[in-house]
Amino acid sequence: MLVIVAPGQGAQVPGLLSPWLELPGVSAQIDAWSETAGLDLVRYGTTADAEEIRDTAVAQPLLVSAGLVAASAVLGPVSSPSPALPAERSLVDAVAGHSVGEFTAAAIAGVLSPKEALALVAERGRGMADAAARTETGMTAVLGGDREQVLQALSDAGLTPANDNGSGQIVAAGTTEQLAAFAENPPARARLRPLPVAGAFHTEHMAPAVERVREASATLSPSDPTVRLLSNADGAVVDGGAEYLERLVSQISSPVRWDACTRTLADLGVTALIELAPAGTLTGLAKRALRGVELLAVKTPDDLDRAGALVKEHAGSPAATDQEG
């Protein structure tokens, strides 16, 4: 059983699109998506430095465009929503995205077209950047420690567990003052790592962005997913396109439960996981949470042969059929 996963913000690195632009048709596709997003994605994905692509309004469309390019290279063209998937895509058993990666997943599953996903995620990025500018906020990864003690310490500090990633990693989010106080008295046996993000994503501080993106999404007519599509809200497999779109919107100010997504994948019987570019974060988490599962981080086109082999070996496996219903 094969799952395709797409990483979230923080995974971006300078030059992440450079190797992909060498593939036929990719440059023209990125140019088209640049027009849709109102950004020069080619420049941001090739020559821009780390600080430029840290900008939320830039990072989010850039990540989704990279993920969709990689998805097309692995699975065949990701086009407009349609139940008529290319043969390779019809064999994919599940799709999930982490935070903004859910927009990549929505396009792969046919809920939104790539153009719709890029347009909406561009509005999300702008809305979240504007919300982050209202108050000085941030995020800090809490690594290790006792889970219940970590959650209690966050609550005591007035912080939100904005990302519960499992594998001993919870991301705290709140004001810079709250994070500074938390850093002075961290939970026992826990290490703290401030994250290079512009605000407290997936918290109440993002409420202004929710309404902005909800208004933009009102013009869309989402299709129902053509493959199992997991939600960050609770790890559930969502069958309806309208429900998934609403979850995309509300997730902006709600915690990401990647730990719940991981449990769902384990329950479904996943045997292989492919992480789309810019890959590495989610496969790293899966090494601890999904032991025995074959993992592949698709970072460049050099990884496509191995990805193709995993698709042939694991997609559409009997394990997937046995788990239906």
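- Closest approach of D224 to G240, counting heavy atoms only: OD1-CA, 3.5 Å.
- At least one side-chain heavy atom of R189 sits less than 4.5 Å from a side-chain heavy atom of D146.
- By the 4.0 Å N-to-carboxylate-O rule, R247 lies too far from E102 to be salt-bridged with it.
- When side chains are defined from C-beta on, L273 counts as touching T283, because their heavy atoms get closer than 4.5 Å.
- The shortest side-chain heavy-atom distance between R124 and R212 does not fall under the 4.5 Å cut-off.
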Next on the checklist: Apply side chain to side chain contact (heavy atoms under 4.5 Å, CB included) to residues L63 and T104 and explain how you reach the verdict.
Outcome noted: CA-CA 8 Å; L63 285 163; T104 309; over 6 Å; no
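- Nearest heavy atoms, P161 versus L151: CB-CD2, 4.0 Å.
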Next on the checklist: Could you walk me through whether V249 and V210 satisfy the side chain to side chain contact (heavy atoms under 4.5 Å, CB included) test, starting with their C-alpha distance in whole Å, then the side-chain angles of each, then the deciding distance to 0.1 Å, before giving a yes or no?
Outcome noted: CA-CA 6 Å; V249 175; V210 173; 3.9 Å; yes
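- Minimum heavy-atom separation, A198 to A132: O-CB, 3.6 Å.
- Atom OH of Y244 and atom CG of L230 lie 8.0 Å apart (nearest 0.5 Å).
- The CH2 atom of W258 sits 10.0 Å away from the OG1 atom of T264 when rounded to the nearest 0.5 Å.
- Classification of R43 and E52 as a salt-bridged pair holds, one side-chain N sitting under 4.0 Å from a carboxylate O.
- T219 contributes a side-chain N or O that, together with a main-chain N or O of A216, makes up a donor-acceptor pair within less than 3.5 Å.
- Side-chain atoms of H202 come within 3.5 Å of backbone atoms of Q251 as a donor-acceptor pair (strictly under, hydrogens ignored).
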Checklist entry - Should T175 and H205 be marked as a side chain to side chain contact (heavy atoms under 4.5 Å, CB included) after you check the CA-CA gap, both sets of side-chain angles, and the distance that decides it? => result CA-CA 9 Å; T175 67; H205 296 285; 4.0 Å; yes
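- Looking at Q178, its side chain never comes within 3.5 Å of a backbone N or O of L159 through a donor-acceptor pair.
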Next on the checklist: Is there a salt bridge (Lys or Arg N to Asp or Glu O under 4.0 Å) between E294 and R306? Walk through the geometry before answering.
Outcome noted: CA-CA 11 Å; E294 288 199 60; R306 177 58 181 150; 2.5 Å; yes
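- Applying the salt bridge (charged side-chain N to carboxylate O under 4.0 Å, His left out) test to D156 and every residue at least two apart in sequence or in another chain returns nothing.
- No option in L120, V69, V121, L41 other than V121 meets the side chain to side chain contact (heavy atoms under 4.5 Å, CB included) test with V64.
- Not one N or O on the side chain of R257 forms a donor-acceptor pair closer than 3.5 Å with the backbone of D234.
- In this structure, D93 contributes its side chain and A315 its backbone to no donor-acceptor pair below 3.5 Å.
- In this structure, CD in Q60 is found 13.0 Å from CD1 in I53, a value given to the nearest 0.5 Å.
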Item to check | Worked check of salt bridge (Lys or Arg N to Asp or Glu O under 4.0 Å) between R147 and D164 | outcome: CA-CA 10 Å; R147 174 184 170 79; D164 192 337; 2.7 Å; yes
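- V197 and L154 end up in different hydrophobic clusters when Ile, Leu, Val, Met, Phe, Trp and Tyr side chains are linked at under 4.5 Å.
- Among S34, S65, P61, the one residue that satisfies the side chain to side chain contact (heavy atoms under 4.5 Å, CB included) test with L39 is P61.
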Checklist entry - Passes side chain to side chain contact (heavy atoms under 4.5 Å, CB included), D259 versus N165? Steps please. => result CA-CA 5 Å; D259 63 322; N165 291 326; over 6 Å; no
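- At distances below 3.5 Å, not a single donor-acceptor pair connects side-chain atoms of E184 with backbone N or O atoms of A181.
- Rounded to the nearest 0.5 angstrom, M1 CE and L268 CG are separated by 4.0 Å.
- With hydrogens and angles disregarded, a donor-acceptor distance shorter than 3.5 Å links the side chain of S167 to the backbone of L285.
- Residues A172 and L179 come closest through the heavy atom pair O-CD2, 4.1 Å.
- Within 6.0 Å of the CG atom in D305, the count of heavy atoms belonging to other residues, nucleotides or ligands does not exceed 12.
- Look at R126 and D130 and you find no salt bridge, because none of the NZ, NE, NH1 or NH2 atoms lies under 4.0 Å from a carboxylate O.
- Taken from CG in L248 to CD in E243, the straight-line distance is 11.0 Å, to the nearest 0.5 Å.
- Counting heavy atoms from C-beta outward, L17 and I30 have side chains that approach closer than 4.5 Å.
- Between H98 and T281, the closest side-chain pair of non-hydrogen atoms is not below 4.5 Å.
- Under the 4.5 Å side-chain heavy-atom criterion for Ile, Leu, Val, Met, Phe, Trp and Tyr, I170 and L143 are members of distinct hydrophobic clusters.
- Considering CG of L118 and CG of L68, their distance stands at 6.5 Å, rounded to 0.5 Å.
- Counting heavy atoms from C-beta outward, I274 and L310 have side chains that approach closer than 4.5 Å.
- Residue P222 comes nearest to L112 through the heavy atom pair CB-CD2, 4.4 Å, listed as atom of the first residue, atom of the second, then distance.
- The backbone N or O of R214 sits less than 3.5 Å from a side-chain atom of S217, completing a donor-acceptor pair.
- Here the shortest heavy-atom pairing between A173 and F201 reads CB-O, 4.2 Å.
- Under a cut-off of 6.0 angstrom, the local environment of CD in E177 is crowded, with over 12 non-hydrogen atoms contributed by other residues, nucleotides or ligands.
- By the 4.5 Å heavy-atom criterion applied to side chains, T137 and T203 are not counted as neighbours.
- For the pair T160/P255, a side-chain contact is recorded, criterion being any heavy-atom separation below 4.5 Å from C-beta on.
- Transitive grouping of hydrophobic side chains (ILVMFWY, heavy atoms separated by less than 4.5 Å) keeps V256 and V142 in distinct clusters.
- No continuous path of hydrophobic side-chain contacts links L195 to L192 [ILVMFWY only; heavy atoms under 4.5 Å].
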